[in-house]
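All remarks here apply to the structure that follows.
Whatever order the structure lists them in is the order used to number ligands and atoms, beginning at 1. As a basis for the values below, the full set of heavy atoms in this structure was taken, side chains included, without hydrogen atoms, waters or symmetry mates.
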Amino acid sequence: MVSTVPNPSVNLSHVRQDIRALQTHLVEWRRQFHQKPELGFQEKLTADFISQKLQEWGIEHHTEIAKTGIVAIITGKDDSSQSQVLAIRADMDALPIQELNEVPYRSQHDGIMHACGHDGHTAIALATAYYLHHHRESLNGTVKIIFQPAEEGPGGAKPMIEAGVLKNPDVDAIIGLHIWNNLPLGTIGVRPGALMAAIELFSCQIFGKGGHGAIPHQTIDSVVVAAQIVNALQTIVARNVNPIDSAVVTVGELHAGTAKNVIADTAKMGGTVRYFNPEFAGFFHQRMEQIIAGICQSHGANYHLEYQSLYPPVINDPRMAELVSSVAQTVVETPVGVVPECQTMGGEDMSFFLEQVPGCYFFLGSANPEKNLAYPHHHPRFDFDETVLPMGVEIFVRCVEKFFG
Ligand code: NI
């Protein structure tokens with residue numbers, strides 16, 4: 001079933017007719033991806049579908065980059081060595097969530113669901129490839145469309161870069177979008193500088209000395225040590241970070257003990273750190289080590305800390321953010337329009353691309369409470385208003401046209 005009635009509150013009149021005409025295909029492809037969701041680096045069916053379409057349309061492309069990644073290359077009329085190359089990135093992976101939506105296109109893969117909108121990203125990028133290829137005579141440069149695996153972890157951007165996806169021809173700038181239920185349909189979230197946070201993960205085990213709950217002086221209580229560490233870790237944000245900067249330390253896991261009258265031998269904790277300022281790289285790890293070591297030493301306990309920097313912050317280039325923002329303003333005409341206050345402490349491995357070349361990542365508002373399409377991302381009832389799909393294509397296409405001037 002294809003939804004043919006656009007949301008009346010959203011003005012699609014700025015989306016050109018031949019892109020609006022792609023809506024049936026956009027919905028069909030998105031639902032195809034939605035029904036066959038795949039986890040990171042296992043996006044075989046998704047990649048095959050994309051590759052088959054690109055093949056059918058005669059678009060040059062390379063497959064199996066970082067296992068399941070694909071890059072499509074659309075060369076315009078100016079293919080001289082001076083011509084510019086703009087990349088568009090879309091992620092393809094789903095999440096280990098059991099879908100609870102009762103829709104005809106619900107996930108057919110048990111325990112796996114497109115609960116973040118990457119099915120929509122893939123459909124938008126595919127339609128953009130189709131459109132640009134059929135208008136390549138008026139394209140003054142080269143567009144690379146990157147279909148990336150494993151954004152939800154462990155991360156497909158970095159291995160794709162290492163495999164040379166930004167080389168030959170060399171990419172000058174990159175853009176990408178995230179369908180975003182935190183913003184209403186008909187709005188775009190974009191800003192220069194930090195858009196999304198760095199993601200760091202840690203786990204720590206405390207080694208004390210167990211014993212009888214009534215005889216604490218013969219023990220080293222790992223629960224008391226862990227409790228002090230949990231509290232002290234909060235002082236990193238409160239006392240070591242400039243209050244003008246934003247950061248989060250969350251201890252999300254804490255496990256210890258087996259009985260009410262037993263002092264626990266060991267305690268385990270784990271959590272995540274988020275921040276926008278790239279200068280904090282390495283800082284939280286260092287402070288955490290100092291705090292844990294100090295507290296453990298004062299109690300005679302030992303510890304083992306594992307710390308992982310997963311993704312750096314998503315930092316938009318001011319010039320590219322301005323380009324996206326000016327384009328978006330001409331596409332979405334709602335009272336809200338372009339929303340600059342759209343930062344989130346969520347993270348994204350688009351950041352690795354943005355470390356290599358100037359670019360802009362932006363949020364495409366997709367929530368429509370009137371249609372009950374406003375559940376948050378990663379929720380088992382997540383779904384979005386598909387009217388957003390041609391809007392995404394229009395913004396990409398206009399960005400390409402404006403970038404090449
Ligand atoms: Ni996502």
Original post:
Under 4.5 Å between any side-chain heavy atoms of V190 and F363, yes or no?
Top reply: no
Original post:
Below 4.5 Å, heavy atoms only, C-beta onward: do P380 and E99 meet side chain to side chain?
Top reply: no
Quick one: side chains of residues 291-299, donor-acceptor pairs under 3.5 Å with protein atoms, not counting sequence neighbours, listed by atom name and distance.
unit_1: S298; atom_1: OG; unit_2: I295; atom_2: O; d: 2.8
unit_1: H299; atom_1: NE2; unit_2: Q228; atom_2: OE1; d: 2.9

Original post:
Taking the inter-plane angle between the rings of H178 and H118 on a 0 to 90° scale, is it parallel (under 30°), tilted (30 to 60°) or perpendicular (over 60°)?
Top reply: perpendicular
**OP:** Verify the distance criterion only: is there a donor paired with an acceptor across the side chains of T68 and E43 at less than 3.5 Å?
**Re:** yes
Original post:
Do the numbers put R30 on top of the ring of F384, so that NZ or CZ is under 6.0 Å from the six-membered ring centre and no more than 45° off the axis?
Top reply: yes
Original post:
Distance below 2.8 Å from the Ni ion (ligand 1): how many protein N/O/S atoms qualify?
Top reply: 3
